Protein chains: 2
Amino acid sequence: MRPTKPTKPTTASSVLSEAELLERHGVLPSAQRLAIAQYVLRTDEHPSADQVFAKVKRALPMVSRATVYNTLNLFVDKGLLRAHVLAEGKVVFDPNLAPHHHFIDEETGAIHDVPWSALAVSNVDALEGFDVHEYQVVLRGKLKKARST
Amino acid sequence: MRPTKPTKPTTASSVLSEAELLERHGVLPSAQRLAIAQYVLRTDEHPSADQVFAKVKRALPMVSRATVYNTLNLFVDKGLLRAHVLAEGKVVFDPNLAPHHHFIDEETGAIHDVPWSALAVSNVDALEGFDVHEYQVVLRGKLKKARST
DNA sequence: TCTCGGTTTAGACTCAGTCTAACCCACGTG
DNA sequence: CACGTGGGTTAGACTGAGTCTAAACCGAGA
Ligand SMILES: [Mn+2]
Ligand SMILES: [Mn+2]
Ligand SMILES: [Zn+2]
Ligand SMILES: [Zn+2]
């Protein structure tokens, strides 16, 4: 492995190429990893592993299910992705590394990001007996239909 | 199956015997359902289905795994229990029907209730585009050890 | 006693996720 | 060049939570 430049705080939403992003996080690039990165590090769909698999197969038909799982878990370990469990039997992957909340559409199951600044949770630090490392608000409901104009 | 008296109500919703609770929710009582109810409607452990199965087998060794799953799902459908998905591959059951938050001990996986009144989330109603039916704060961290007098 | 509907049961089945062991392939070495 | 080495990739076996099926069970009437 060649020497890497001093690492900057790399959030996945920057404008780096996937190859650079991977290298900055100590992940050796490969055709499969780049194809997976290209989708999963830029999506806002909160896809499951099998959704990633389906999407990536279009660009790289020979990719295997095992590689998709291996790569997603590797990205999580290396801090490129976060995994969330918000519904039964479905781990979803999220390239948005900044703290934020999640809204789950009860009709479709779709997951939407809610900006950290859109809500405020008070009194977390004062909770008796709990040393809180991280938290988020998980909201469920329907999307408001009122849309245009 | 002998008639029970409401002798030791330990949780909020349980001034009633299990049989009465079940009937009030339109669930026909049976030995299996009563044994399951006796544990799962009074615990604060947030057990998984297989934890319930293990516990109930002690009181009723012939009970089957299918019955435990059937009964837990029935209780959820009838509003006696809530199911939560807070970690991978583990649906947990919660007899605490009042709104509350959850703290997850990252070291043990144990789930602790956080009273609704202990936290306040502001601005939920003003969220653009989302019609929120319910929400909770999910917190993760370590239990504080300091327990001095 | 017989019938009937709901309940329980063992075991088959599904599906997400993990594991294994073979295979591939770029690279470095003699 | 051959060769070895060390990832990375792959198909398929495997695991474990949860569901489904079809038969057995059971209790309240007729
Ligand atoms: Mn994982
Ligand atoms: Mn369920
Ligand atoms: Zn997100
Ligand atoms: Zn709870």
Side-chain angles (χ1 to χ4, degrees), chain A residues 1-3 18-19 22-23 25-38 40 46-57 59-78 80-93 109 111, chain B residues 1-3 18-19 22-23 25-38 40 46-57 59-78 80-93 109 111:
Chain A
M1 39 198 276
R2 16 193 306 253
E18 276 79 12
L22 266 51
E23 280 174 22
H25 289 260
V27 175
L28 297 180
S30 72
Q32 290 86 344
R33 287 173 178 177
L34 287 172
I36 293 165
Q38 208 163 326
V40 82
H46 299 85
S48 68
D50 279 311
Q51 283 174 273
V52 175
F53 183 40
K55 197 74 106 176
V56 167
K57 251 198 306 198
L60 208 70
M62 289 310 297
V63 75
S64 75
R65 208 168 142 271
T67 293
V68 171
Y69 274 94
N70 288 343
T71 300
L72 291 172
N73 288 333
L74 179 66
F75 285 1
V76 170
D77 290 346
K78 296 299 188 178
L80 281 156
L81 270 187
R82 299 223 36 193
H84 297 293
V85 186
L86 297 171
E88 181 171 352
K90 212 172 78 165
V91 175
V92 300
F93 296 91
I111 298 165
Chain B
M1 274 189 61
R2 27 193 299 255
E18 277 79 11
L22 266 51
E23 279 172 23
H25 285 80
V27 175
L28 298 180
S30 71
Q32 289 85 345
R33 287 173 178 175
L34 287 172
I36 293 165
Q38 208 163 326
V40 83
H46 299 86
S48 67
D50 279 310
Q51 283 175 272
V52 175
F53 183 40
K55 197 74 104 175
V56 168
K57 252 198 306 198
L60 207 71
M62 289 311 298
V63 74
S64 75
R65 211 168 139 271
T67 294
V68 171
Y69 274 94
N70 289 342
T71 301
L72 290 171
N73 288 332
L74 179 67
F75 286 1
V76 170
D77 290 346
K78 296 299 190 178
L80 281 156
L81 269 187
R82 298 223 37 192
H84 298 293
V85 186
L86 297 171
E88 180 171 354
K90 212 172 77 165
V91 175
V92 300
F93 296 91
I111 297 165

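Just so you know, these numbers come straight off a predicted model, no measurement behind them. We name chains A, B, ... by the order of the sequence lines, and we start the count at 1 in each one.
Partners of A:Glu18 by side chain to side chain contact (heavy atoms under 4.5 Å, CB included), not counting sequence neighbours, listed by chain and number: A:Leu34, A:Ala37, A:Gln38, A:Arg42. Applying the side chain to side chain contact (heavy atoms under 4.5 Å, CB included) test to B:Phe53 and every residue at least two apart in sequence or in another chain returns B:Asp50, B:Lys57, B:Val63, B:Arg65, B:Val68. With sequence neighbours left out, A:His84 forms a side-chain hydrogen bond (donor to acceptor under 3.5 Å, both in side chains) with A:Asp94. Not counting sequence neighbours, A:Gln32 has no partner by the side-chain hydrogen bond (donor to acceptor under 3.5 Å, both in side chains) test.
The NZ atom of A:Lys90 sits 17 Å away from the P atom of D:dG18 (whole-angstrom rounding). Residue B:Glu23 contributes atom CD, which lies 15 Å from atom C1' of C:dG6 at whole-angstrom precision. For the pair B:Glu88 CD and D:dT15 P, the computed distance is 18 Å after rounding to whole Å. In this entry the distance linking CG of B:Leu28 with C1' of D:dC25 reads 16 Å, nearest Å. Atom pair A:Lys57:NZ and D:dT10:C1' shows a separation of 13 Å (rounding to whole Å applied). The distance between atom CG of B:Asp50 and atom C1' of D:dG18, rounded to the nearest whole Å, is 9 Å. The CG atom of A:Asp77 sits 15 Å away from the C1' atom of C:dG17 (whole-angstrom rounding). A straight line from NZ of B:Lys78 to C1' of C:dT7 spans 14 Å, rounded to a whole angstrom.
The shortest distance between the side-chain N/O atoms of A:Asn73 and the OP1/OP2 oxygens of C:dT18 is below 4.0 Å. Close to D:dA17, at under 4.0 Å from its OP1 or OP2, lies no side-chain N or O of B:Ser48.
Formation of a donor-acceptor pair under 3.5 Å by the A:Arg33 side chain with backbone atoms of A:Leu28 is found in this model.
The stretch residues 61-71 of chain A touches DNA chain D through A:Met62, A:Val63, A:Ser64, A:Ala66, A:Thr67, A:Asn70, each having a heavy atom within less than 4.0 Å of the strand.
Considering A:Thr71, A:Val40, A:Ile36 as possible partners of A:Val56, the one that fulfils the side-chain contact (heavy atoms from CB on, under 4.5 Å) test is A:Ile36.
Note: B:Phe93 CZ to B:Leu72 CG = 4.5 Å, rounded to the nearest 0.5 Å. For the atom pair OG (B:Ser30) and CG (B:Leu60), the distance works out to 8.5 Å, reported to the nearest 0.5 Å. Rounded to the nearest 0.5 angstrom, A:Asp77 CG and A:His25 NE2 are separated by 13.0 Å.
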Restricting both atoms to N or O, compile the protein contacts to nucleotides 21-27 of chain C shorter than 3.5 Å, with distance only.
none

